[in-house]
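What follows is a single structure, written as structure tokens, with notes after it.
Naming: A, B, ... by sequence-line order, numbering from 1 per chain.
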Number of protein chains: 2
Amino acid sequence: MAKVSAREEISPAEGGSINDVARRAGVSIATVSRVINGVTRKASPATVARVREAIEALDYRPTSAGRALRQKTSRLVAVLAANLANPAMAAISASAEAALREQGLVMVLCDTHDRPALQDEYLREMLAQQARAIVLLAAVDSPMLRKVQTLKTPLIFVSRRNPTGPEGAFIGIDNRGAGEDVARWAIERGLRNAALIHAPSFSSATRDRVAGVLAGFAAAGSPLLRSMVLAPEAGDHLMIGFEAARRLLASGARPDLVVCTSDLIAFGAARAWREAAVAAPPRMIGFDDSPMNRWLAPELSSIRIPYEAFGDAIVEAISGASENVRTILPHELVERGFTPEPNPPR
Amino acid sequence: MAKVSAREEISPAEGGSINDVARRAGVSIATVSRVINGVTRKASPATVARVREAIEALDYRPTSAGRALRQKTSRLVAVLAANLANPAMAAISASAEAALREQGLVMVLCDTHDRPALQDEYLREMLAQQARAIVLLAAVDSPMLRKVQTLKTPLIFVSRRNPTGPEGAFIGIDNRGAGEDVARWAIERGLRNAALIHAPSFSSATRDRVAGVLAGFAAAGSPLLRSMVLAPEAGDHLMIGFEAARRLLASGARPDLVVCTSDLIAFGAARAWREAAVAAPPRMIGFDDSPMNRWLAPELSSIRIPYEAFGDAIVEAISGASENVRTILPHELVERGFTPEPNPPR
DNA sequence: GTTCAGTGGGAAAACGTTTTCCCAATCGGG
DNA sequence: CCCGATTGGGAAAACGTTTTCCCACTGAAC
């Protein structure tokens, strides 16, 4: 006791622990803790007021380490994103962050670069941090991912379904339906000579989008030619699009529409056509509708995913720990390139 | 003791604490801790091996809360970014993350949306998290920022200097010099009828860039007309650029070059010109050279900041707690728009 | 045969919370 | 007037680390 009060003399406005608050309010630390955590049944209004005043005066905030140690869980929510350079993922992260903050949770954002080893590294670290939940924004299969599922930490798959099995909470759009929408839209516009470029990955999102597009064109009686479907191994999505487009150009194919399973792929492909200076470049359509498309890619139509809605869905999935909630958010085909929009939205 | 060993029976492969490791290796927890932290002087090679084996077998990783509590500091490094939708900031974050991870540190990324209240909220939270350091990626003035400087948590200012005073470690480019470079480049190209668009903020970066550009043109005998310098209050950078360009167009001004103090502003401005469908739109040059410029903005020249280098500089600034390290990284004028690049770099 | 220095390692305190008991006082009903 | 329930609040344990002492042992020098 004497020791503690001596410490107080030394640190006048420094860190400040729950002890300082208790002493100032003339109560025990138990009472302070209860007030902080809103346990009203155990404190008289007068006491609550005194404690609040002391907290205010000392600008006190509970140290998270103490909490985490006792409660065996922290206020951190890990978001492991496959590629933060993708503006769409960045937008989802932003939405998640806002929603989490509103819950008093703190987002830790990590970039796995779509690499299993890095994803494992972060999974380990976030387990050590006793993260409240782990959100996988486009997960990849990895050993640690399998192990984590046997633990109790909530796991939430966003955009891509669980690559290790059918279980797991999921948030995303109906990728197959979106693919079919693209085909339907193309047929309506009379664009029947289409090419399709996708990443050579086995993510559920890519797979479903490809399947939807192919099925849609086939159902309309205009199945895509095999030679018009490309998935080169060329690095990131930008390079994939660029390389695929170059091959198409070299092959002499002249599609009237190029469907890309992500906007980044479309950016890369567009660049190839621009360089080739073809007289009448094909229409293009991508997926995600990255927020900057409206500014930078005025020729690119896209399936818009509702970024803003992901944050709330993630929060819901975390609290509603009820297993395996599947949230399918509505997508929307945004058409650009026929006539320029008169004014920028927003 | 009996209680503890009973618990072990229950949790065969669950969380696992240092106790489990110690028991398995037949040593005390003190020894385990020493091995983990590389204190070699206090353990025989044989013991070290046994402990390592046990750690491996149990897949043990120290809980960060215990550590943080004892050491009064965590392995978290907070990065408070003003706007993650800006690809340049996202790129800097990515670089920081990689460099920090290599040091065994974990980056917590937060988006302050350039709002003082939000920045304060995060500063508070990160203090409660006992963050090892706080990196301010484009800081804004705020009450808490002033208070944090009186504490011992290292504070590192990136891109923008400390808005509250002259002190503080800084990492960035020579913005004024870059502005002068832009003017020199313009004069060389014969572009003397320039407009300048900048954000109406008082950030050091914007201020220095503007000053450099103005000084450069003035020194060349072609000072910018007052009516050609715009800084409308219009929201984010995209809207600022769009609105400023609209005003220029409305005023009948026909600059041969538009200088923007950020690429985002340039994107917005470019869109206005595209909509207006002017026959010969002006050349444009921005700052930052966002990573996707080469793909999406082939007409935009830019002052490239070396994103990749920021991570290491940040790590260095954290460890070299020697006060007020100022790191000025080299910039580079990237010219685009005369002739398309034959091949995409990278 | 004693000391001395060094080596290897353990016991326990401390970090800041939350939470489980426990206790004292008050109050209402019989 | 006594008894039981309720209310308000405190003491202390527990959480998982790191780190400071402290101790036992081993050789080596005397």
Side-chain angles (χ1 to χ4, degrees), chain A residues 1-4 6-8 10-11 14-23 25-51 54-55 58 60-75 104 127-130, chain B residues 1-4 6-8 10-11 14-23 25-51 54-55 58 60-75 104 127-130:
Chain A
M1 280 296 138
K3 208 175 15 173
V4 176
R7 240 181 18 87
E8 194 199 24
I10 299 171
S11 63
E14 276 306 280
S17 85
I18 200 174
N19 260 300
D20 308 327
V21 178
R23 201 162 321 114
V27 298
S28 75
I29 62 168
T31 300
V32 176
S33 175
R34 284 192 277 254
V35 169
I36 290 172
N37 295 310
V39 182
T40 66
R41 330 176 25 80
K42 300 284 283 178
S44 69
T47 310
V48 171
R50 277 216 318 287
V51 171
I55 290 176
L58 268 48
Y60 166 74
R61 190 151 195 183
T63 306
S64 62
R67 279 191 163 177
L69 192 53
R70 175 65 218 233
Q71 302 187 141
K72 292 169 157 309
T73 180
S74 76
R75 281 176 145 72
L127 249 31
Q129 295 283 347
Q130 296 169 108
Chain B
M1 280 298 138
K3 208 174 16 175
V4 177
R7 239 181 19 83
E8 194 199 25
I10 299 172
S11 64
E14 277 305 281
S17 84
I18 199 174
N19 258 299
D20 308 326
V21 177
R23 203 163 321 113
V27 298
S28 75
I29 61 167
T31 301
V32 176
S33 176
R34 285 191 278 250
V35 169
I36 290 171
N37 295 311
V39 183
T40 66
R41 331 175 25 81
K42 299 285 281 179
S44 69
T47 309
V48 170
R50 277 214 318 287
V51 171
I55 290 176
L58 270 47
Y60 167 75
R61 191 152 192 177
T63 307
S64 61
R67 278 192 166 177
L69 191 54
R70 174 66 217 236
Q71 302 187 144
K72 292 167 157 311
T73 181
S74 76
R75 283 178 145 69
L127 248 30
Q129 295 284 347
Q130 296 169 107

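Contacts of residues 32-51 of chain B with DNA chain D (heavy atom under 4.0 Å): B/Ser33, B/Arg34, B/Asn37.
C/dT17 atom P lies 18 Å from atom NZ of A/Lys72, rounded to whole Å. For the pair B/Leu69 CG and C/dA13 P, the interatomic distance rounds to 16 Å; values are reported in whole Å. Straight-line distance from the CD atom of B/Gln71 to the C1' atom of C/dA14: 13 Å, rounded to whole Å. Going from atom CG of A/Asn19 over to atom C1' of C/dT17 covers 10 Å, rounded to whole Å. Atoms CD1 (A/Ile18) and C1' (D/dC15) sit 15 Å apart, rounded to a whole Å.
Residue B/Thr63 places none of its side-chain N or O atoms closer than 4.0 Å to OP1 or OP2 of D/dG16. Between D/dG10 and A/Thr31, a contact under 4.0 Å exists linking OP1 or OP2 to a side-chain N or O.
In plain terms, the two heavy atoms of B/Ser28 and B/Ala22 that are nearest each other are C-CB, 3.8 Å. For B/Ala25 against B/Arg50, the heavy-atom pair with the smallest separation is O-NE, 3.0 Å.
Qualifying side chain to side chain donor-acceptor pair (under 3.5 Å) partners for A/Ser64, counting only residues two or more places apart in sequence or in other chains: B/Gln129. Contacts of B/Ile18 classified as side-chain contact (heavy atoms from CB on, under 4.5 Å), with partners at least two apart in sequence or in another chain: B/Ile29, B/Val32, B/Ser33, B/Tyr60. Remark: B/Thr40 pairs with no residue by the side-chain contact (heavy atoms from CB on, under 4.5 Å) rule, at least two apart or across chains.
Of the candidate nucleotides C/dT17, C/dG10, D/dG10, C/dT17 has the atom nearest to the side chain of A/Pro62. For B/Ser17, whose side chain is taken as the heavy atoms from C-beta onward, the closest listed nucleotide among D/dT17, D/dT19, C/dG16 is D/dT17.
One cannot find a donor-acceptor pair under 3.5 Å joining the base of D/dT17 and the side-chain atoms of B/Arg67. Contact of B/Arg70 with D/dT18 (side chain to base): a donor-acceptor pair of N or O atoms is detected under 3.5 Å.
With hydrogens and angles ignored, the 3.5 Å screen pairs a side-chain donor or acceptor of A/Ser74 with a backbone N or O of A/Gln130.
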Name every donor-acceptor pair, under 3.5 Å, that has one atom in a side chain of residues 41-48 of chain A and the other anywhere in the protein, sequence neighbours excluded.
from    : atom 1 : to      : atom 2 : distance (Å)
A/Ser44 : OG     : A/Thr47 : N      : 3.3
A/Ser44 : OG     : A/Thr47 : OG1    : 2.8

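Taking five base pairs at each end of the helix from C/dG1-D/dC30 to C/dG30-D/dC1 and finding the rotation axis that steps the C1' atoms of four pairs onto the next four gives two axes whose angle is 60°, to the nearest 10°.
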